[in-house]
Protein chains: 2
Amino acid sequence: MKNVTIQDIARVAGVSKSTVSRVLNGTVAVNPEKKKSVLDATKRLGFKPSLIARSLASGRSMTIGVLTQMIGSPFYDAISQGVIAGLGDTGYSPLFADGRWQVQKEADALTALVGRRVDGVVLVGGSMTSEQISEVCMGLPTLTVARRFYDQPIHSIAIDNELGGYQATDCLLRLGHQRIAMIRGIEQHEDARDRFAGYQRAMGEAGVAVDPSLVVDGDFSAESGIRAVGELLSRGCEFSAIFAANDLTAFGARLALDRNGLRVPDDVSLVGFDDQMESAFFVPPLTTIRQPAREMGKQASVAMMNLINGSGFESCLLTSELVVRESTRSVKD
Amino acid sequence: MKNVTIQDIARVAGVSKSTVSRVLNGTVAVNPEKKKSVLDATKRLGFKPSLIARSLASGRSMTIGVLTQMIGSPFYDAISQGVIAGLGDTGYSPLFADGRWQVQKEADALTALVGRRVDGVVLVGGSMTSEQISEVCMGLPTLTVARRFYDQPIHSIAIDNELGGYQATDCLLRLGHQRIAMIRGIEQHEDARDRFAGYQRAMGEAGVAVDPSLVVDGDFSAESGIRAVGELLSRGCEFSAIFAANDLTAFGARLALDRNGLRVPDDVSLVGFDDQMESAFFVPPLTTIRQPAREMGKQASVAMMNLINGSGFESCLLTSELVVRESTRSVKD
DNA sequence: CCATATCATGAAACCGGTTTCAGTGCTGAG
DNA sequence: CTCAGCACTGAAACCGGTTTCATGATATGG
């Protein structure tokens with residue numbers, strides 16, 4: 001019932017455990033004959049080296065800690081998927097922990113990862129400050145995905161949210177819309193702010209003044225989309241298009257519009273942000289901004305490998321892409 | 001730059017490392033004075049015990065391996081969330097790995113978990129055979145969630161999919177529908193089969209013959225929902241309701257119906273399965289079968305704790321719940 | 001043919017904790 | 001007053017690997 005150890009293999013194969021270790025890791029050449037008997041023994045006894053012991057001895061755990069906030073979110077999952085793919089055959093494997101968007105849990109989870117002596121940390125989103133992060137990670141290679149620290153030395157892989165916001169708004173402007181409402185995301189959220197900035201820039205460049213009564217706060221949830229449309233309607237202001245800070249918000253907005261007898265896209269055009277899986281099958285299929293989430297995850301892995309073997313870090317800012325579907329149409333008059 | 005070890009603490013506090021260990025774990029009483037100086041030292045030096053070393057020495061890693069298939073799926077995420085919640089303050093923490101629905105990756109990931117010497121394994125879904133699982137896990141407490149092995153000794157926490165299928169169909173029958181189409185899930189999938197069985201039973205009990213031309217194969221994807229509706233329409237058979245094997249399939253079906261000028265629920269009633277987050281905000285909000293996913297995860301944690309401390313396992317089959325929204329209405333005539 | 005570099009290999013140290021074991025100093029019972 | 005019993009504590013063994021070091025054997029070169 002006991003686990004078979006390297007010592008057992010050594011005994012059975014008639015060699016020392018050093019030799020077994022050398023065979024298994026291929027660090028230096030060993031006599032082919034002994035090598036064979038070692039391999040035989042491992043197979044016969046079903047030997048599975050203890051990664052725990054190995055980590056302790058070698059000082060490297062060959063694991064990258066990945067701290068997510070809500071694995072269930074399609075966007076964040078795509079990133080994780082990218083990280084997994086990017087790690088590929090590097091020999092490193094990911095170790096996931098989840099903060100569930102609660103700072104305390106996030107900090108605990110990060111501490112746990114560090115306690116596990118991961119060789120690097122990838123933070124996907126999150127709300128810890130860079131100081132908190134640095135304190136816990138102390139010298140460990142660390143980088144963030146989908147989150148930027150403008151003033152801090154923590155590396156990050158992110159997309160240009162400002163550009164995304166610009167693309168979404170620009171698309172509506174080109175269709176002739178002028179009264180474009182925006183449902184913003186969580187206010188403290190860097191991404192949300194950038195998307196709004198893009199909206200403002202596009203409007204400005206098109207010479208359309210931003211009407212503050214067309215800007216409503218939201219929190220990235222579907223409920224907030226419903227509330228936002230209610231708010232817009234109760235304000236009594238006219239609008240022919242809505243740019244929602246993410247797809248989920250757009251879903252909620254769409255439902256609220258429907259409840260109020262407004263058709264999409266006939267009465268109101270709607271643009272989201274994220275391009276989550278369901279968006280393409282929405283009724284009508286949602287026009288949105290696609291984030292190269294998977295790609296970001298992959299880049300993160302690559303960057304992490306570079307950090308670990310000291311090749312330094314090449315900053316990169318990926319770009320979003322407009323996906324036009326059927327929730328937008330040119331303004332009627 | 002080096003990590004501070006228990007030895008450093010011992011030196012600074014002027015005690016032996018045994019004592020430090022005892023203070024930190026509270027295993028036996030130590031002199032309050034020494035205790036204080038140890039705690040002081042740990043705080044001052046920022047000592048973070050190496051979980052690696054601790055695991056190796058104590059033989060318990062205090063981790064439960066959780067093997068998922070697709071973290072991004074809302075249903076599976078809810079389960080993971082439940083597991084996290086259920087582990088709560090037990091002292092154990094979860095360690096996630098992901099198989100991405102590829103048997104090989106699944107096996108590798110499981111091996112990696114076992115190599116990390118987790119104290120137990122929770123398999124969420126998956127496609128490895130029970131033999132494969134047993135071989136890798138050898139004696140480790142193991143249980144599956146959302147997957148049942150009818151003939152095997154592996155414990156499982158699952159919902160009664162047959163009942164869910166029955167509930168969905170029964171709801172439509174009560175509304176007066178008789179021509180109820182079903183879009184099935186992946187054929188080899190236990191869950192999919194059970195849901196279909198529930199459909200058959202409900203129809204049978206209501207004295208309505210199952211028309212084979214109303215049953216279409218699918219694969220749980222939105223695309224398959226679109227294809228299925230196309231298939232139904234091209235077969236030229238009439239139907240007033242559709243029961244889709246999961247919500248995503250229902251989304252696709254809804255879009256295809258819309259494209260063909262069929263309104264939901266006016267022309268066709270639609271029922272899904274899962275109650276994923278977006279379903280409540282769909283247009284129209286989707287009637288569906290809710291799986292107590294979070295609850296299942298929680299149960300899994302509890303059951304795992306029992307397995308670990310030898311309290312044995314109490315089998316449990318959770319039940320699903322019908323959530324009536326606006327995609328269903330009584331048949332018109 | 002001898003000195004030296006190279007190779008293969010086992011012994012032992014080490015990674016950073018936990019746990020057993022063997023005291024030491026006190027207290028309380030006899 | 002003596003001895004068993006208990007509460008603390010440090011030394012040392014241990015967990016299961018990796019890696020350094022020393023050694024004997026073999027190959028290389030002058």
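Since this is a predicted model, take the numbers as computed values, not measurements.
Residue order along DNA chain D, read from the 5' end via each residue's closest nucleotide, puts B/V15 first among B/V15 and A/I52.
No hydrogens or angles considered: a donor-acceptor pair under 3.5 Å links the side chains of A/N309 and A/S311.
Following rounding to the nearest Å, B/R11 (CZ) and D/dG10 (P) show an atom-to-atom distance of 15 Å. Rounding to whole angstrom units, CG of residue A/N3 and C1' of D/dG17 are separated by 13 Å. Distance A/R54 CZ to C/dC15 C1': 15 Å, rounded to the nearest Å. Rounding to whole angstrom units, CG of residue A/L51 and P of D/dG17 are separated by 10 Å.
Applying the side chain to side chain donor-acceptor pair (under 3.5 Å) test to A/D160 and every residue at least two apart in sequence or in another chain returns nothing. With sequence neighbours excluded, no residue forms a ring pair (Phe, Tyr, Trp, His ring centres under 6.0 Å) with B/Y92. Among residues two or more places apart in sequence or in another chain, the ring pair (Phe, Tyr, Trp, His ring centres under 6.0 Å) test is passed with B/F47 by none. Applying the side chain to side chain donor-acceptor pair (under 3.5 Å) test to B/S55 and every residue at least two apart in sequence or in another chain returns nothing.
Nearest heavy atoms, B/A109 versus B/D98: CB-O, 4.2 Å.
Between the side chain of B/K17 and the base of C/dG17 there is at least one donor-acceptor pair of N/O atoms closer than 3.5 Å.
Residue contacts shown for B/T19 are limited to sugar-phosphate atoms, with no base heavy atom under 4.0 Å away. Residue contacts for B/S50: at a heavy-atom cut-off of 4.0 Å it reaches the sugar-phosphate backbone alone, with no base atom in range.
Only A/S21, A/R22, A/N25, listed by number, bring a heavy atom of residues 21-40 of chain A to less than 4.0 angstrom from any atom of DNA chain D.
The phosphate of C/dT18 has neither OP1 nor OP2 within less than 4.0 Å of any side-chain N or O from B/S58.
The side chain of B/S18 sits closest to D/dA11 out of C/dG17, D/dA11, D/dT18. Taking the side chain of B/T5 as heavy atoms from C-beta on, and the options C/dC15, C/dG17, C/dA13, the nearest nucleotide is C/dG17. The nucleotide whose nearest atom lies closest to any side-chain atom of A/R117 is, among C/dG17, C/dT19, D/dT18, C/dG17. Between D/dG16, C/dA11, D/dA13, one nucleotide has an atom nearer to the side chain of B/L56 than all others, and that is D/dG16. Listed nucleotides: C/dG16, D/dG17, D/dT19. Nearest to the side chain of A/R60: D/dT19.
Residues in residues 9-32 of chain B take part in these salt bridge (Lys or Arg N to Asp or Glu O under 4.0 Å) pairs, two or more places apart or across chains: B/D8-B/R11. Sorted by first and then second residue, the salt bridge (Lys or Arg N to Asp or Glu O under 4.0 Å) pairs involving residues 101-119 of chain A (not counting sequence neighbours) form an empty list. Evaluation of the salt bridge (Lys or Arg N to Asp or Glu O under 4.0 Å) test over residues 30-43 of chain B, restricted to residues two or more places apart or in two chains, returns B/K36-B/D40.
Comparing the end axes of the helix from C/dC1-D/dG30 to C/dG30-D/dC1, each fitted to five base pairs by superposing C1' atoms of four pairs onto the next four, gives an inter-axis angle of 50° (nearest 10 degrees).
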